[in-house]
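Atoms within each ligand, like the ligands themselves, are counted from 1 in listed order. This one's a predicted model, so the numbers in the text were calculated from it and none came from an experiment. If you read the sequence from its start, that first residue is 1, and numbering goes on from there. Worth knowing before you read on, the calculation uses all heavy atoms, side chains too, and leaves out hydrogens, waters and symmetry mates.
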Amino acid sequence: MAKTSELLDAHALRKRLERLQRVLEANRRISATLQPEELMRAIVRAAAEVTDSEQGAIARYDPETETLRLEIAPWLTHTRRSAISLPLDNNPMGQAYRSLWPVLGEAQPELEARNLLAVPLVVDGAALGVLCAVNKRENEFDKEDVLVMEHLAAQAAIALENAEMMHQARQGYTTLAELDKMRNDFIAITSHELRIPLGLVLGHASYLKEILDDGEARQQSETIEKAALRLKQIVEDLSKIELAQSGTAVLRTQSYDLSAQLHSLLDMHTAPANEAGIQLSSQIPEHAVYITADPNKLFVAVDHLLKNAISFTNAGGLVQLSLLEHENWVEIQVADSGIGIPAQDLPRVFDRFFQVEDHMTRRHGGMGLGLTITRTLVELQGGMVSAESIEGKGSRFSIRLPRQGWGASAE
Ligand code: ADP
């Protein structure tokens, strides 16, 4: 027959195992929660459960009052909970927070507590707050309670910090998305509102230019007209991006000969390239290369790449326009031996308003929208744009397009 002491030992062992199981179960539950408030509620429930207590609580440090405030204390009303601030000394929670050790507390009438066990929630040697088990159901808190609470608090502190970081990151993303929307709205409204006054300025400037004799006044009206035309170009660029990004751009695709289109683009850019002392060459098949695409949009995209290549290449340099044929797709390349793009800036050249040189000191015109437009117009028809560059040596921009148009893949 087993001795009474052995039976007691077995009983104690079983109770211990049950408790460990509860701690494991509590850990599992808290690591499945990512919302900070919900997580704190799960932690205080677990604290009460694993210590056989009536309640659990979490207090956090408030730098303004330099005291601990109860974040979660489910048995107190919101008003009562908010009214309580716990000093860092003369108080078991404050002492646990400061010392980073568990502290057993006697009756705390303010908290309706007969007894409590406070353990710090520590991450990287610093306390995030204090976890408490309140009102042990039978007897007093013992060593075993301290051990399980320490174990729970270690897991809870990490889970809490992760959840808070995740929450902050999500809030950051939401703010960014809101800012992006505000920026898009601003661009859309501004470009729309500028159209009418700009049309008037342009109309009147060209009327004056017509009626004035050669002289200073006529020159001035020409300057006004030029500036207004430049503004019109900017407004149109902004609208192109806005249209494409809002999904309202209309794609007018047709099957046409891309090699003929590239030849005529080449012709258009020959004179400006020569004027800048740049040799413009090509590697375009003489035969027709049929693709299904929107010719106007593709024209704008390639035209801009050629303009950039010529602008960012010094006299004596080379610019080459090539068309490479693959089975299901084609590749248009614009390569130059120009100033190149620093490696750290390359990933950003397609971003809206991005310019390598500072906008205020740069020698080239433009608003950093051209490549955004190029990418938008190409992606709209199922294609891709990429850039390679070596600073001081040159750049190569490539447009890949599916031969059969949208829906067919450009690998
Ligand atoms: P922008 O119309 O103001 O030139 P883009 O969007 O076309 O703006 O280009 C963004 C920036 O990328 C340019 O300001 C320039 O710094 C850089 N860039 C574009 N194309 C080239 C190129 N071929 N060689 C060197 N830098 C380039």
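By the 4.5 Å heavy-atom criterion applied to side chains, W329 and L401 are not counted as neighbours.
Under 3.5 Å, the side chains of D237 and Q233 contain a donor-acceptor pair of N or O atoms. Side chains of E37 and H167: no donor on one and acceptor on the other come within 3.5 Å. Residues S264 and D267 have side chains that never bring a donor and an acceptor to within less than 3.5 angstrom of each other.
Taking the six-membered ring where the residue is Trp, the centroids of Y97 and Y61 are separated by under 6.0 Å.
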Hey, can you pull the donor-acceptor pairs under 3.5 Å for the side chains in residues 78-87, sequence neighbours left out?
| unit_1 | atom_1 | unit_2 | atom_2 | d |
| --- | --- | --- | --- | --- |
| H78 | ND1 | R81 | NH2 | 3.2 |
| R80 | NH1 | E112 | OE2 | 2.6 |
| R80 | NH2 | E110 | O | 2.9 |
| R81 | NH1 | L70 | O | 2.9 |
| R81 | NH1 | E71 | O | 3.0 |
| S82 | OG | H78 | O | 2.7 |

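Residue S395 approaches ligand 1 through these ligand atoms, each under 4.0 Å from one of its heavy atoms: 22 (C), 24 (N), 25 (C). The atoms of ligand 1 that sit less than 4.0 Å from any heavy atom of F354 are 10 (C), 11 (C). Ligand-side atoms of ligand 1 in range of L369: 6 (O), 8 (O), range being under 4.0 angstrom from any heavy atom.
Side-chain atoms of T270 come within 3.5 Å of backbone N or O of L266 as a donor-acceptor pair.
Annotation: L371 places an N or O atom under 3.5 Å from an N or O atom of ligand 1; distance criterion only. Any N or O atom pair closer than 3.5 Å counts here, and T372 shares no such pair with ligand 1. Every N/O-N/O distance between F312 and ligand 1 stays at or above 3.5 Å.
Comparing heavy-atom distances from atom 19 (C) of ligand 1 across L306, I339, N308 singles out N308 as nearest. Between the choices D237, L346, I310, V349, the shortest heavy-atom distance to atom 12 (O) of ligand 1 belongs to V349. Counting heavy atoms only, D336 comes closest to atom 23 (N) of ligand 1 of the residues D336, T313, V334, L305.
Applying the side chain to side chain donor-acceptor pair (under 3.5 Å) criterion to E25, with sequence neighbours excluded, gives R28.
Ligand 1 lies less than 4.0 angstrom from a heavy atom belonging to H304. Using a 4.0 angstrom heavy-atom cutoff, G368 counts as in contact with ligand 1. Residue contacts with ligand 1: F397 is included, with a non-hydrogen atom under 4.0 Å away.
Of the heavy atoms in I341, only side-chain atoms (C-beta onward) come closer than 4.0 Å to ligand 1.
Around CD of E106, the count of heavy atoms belonging to other residues, nucleotides or ligands within 6.0 Å does not exceed 12.
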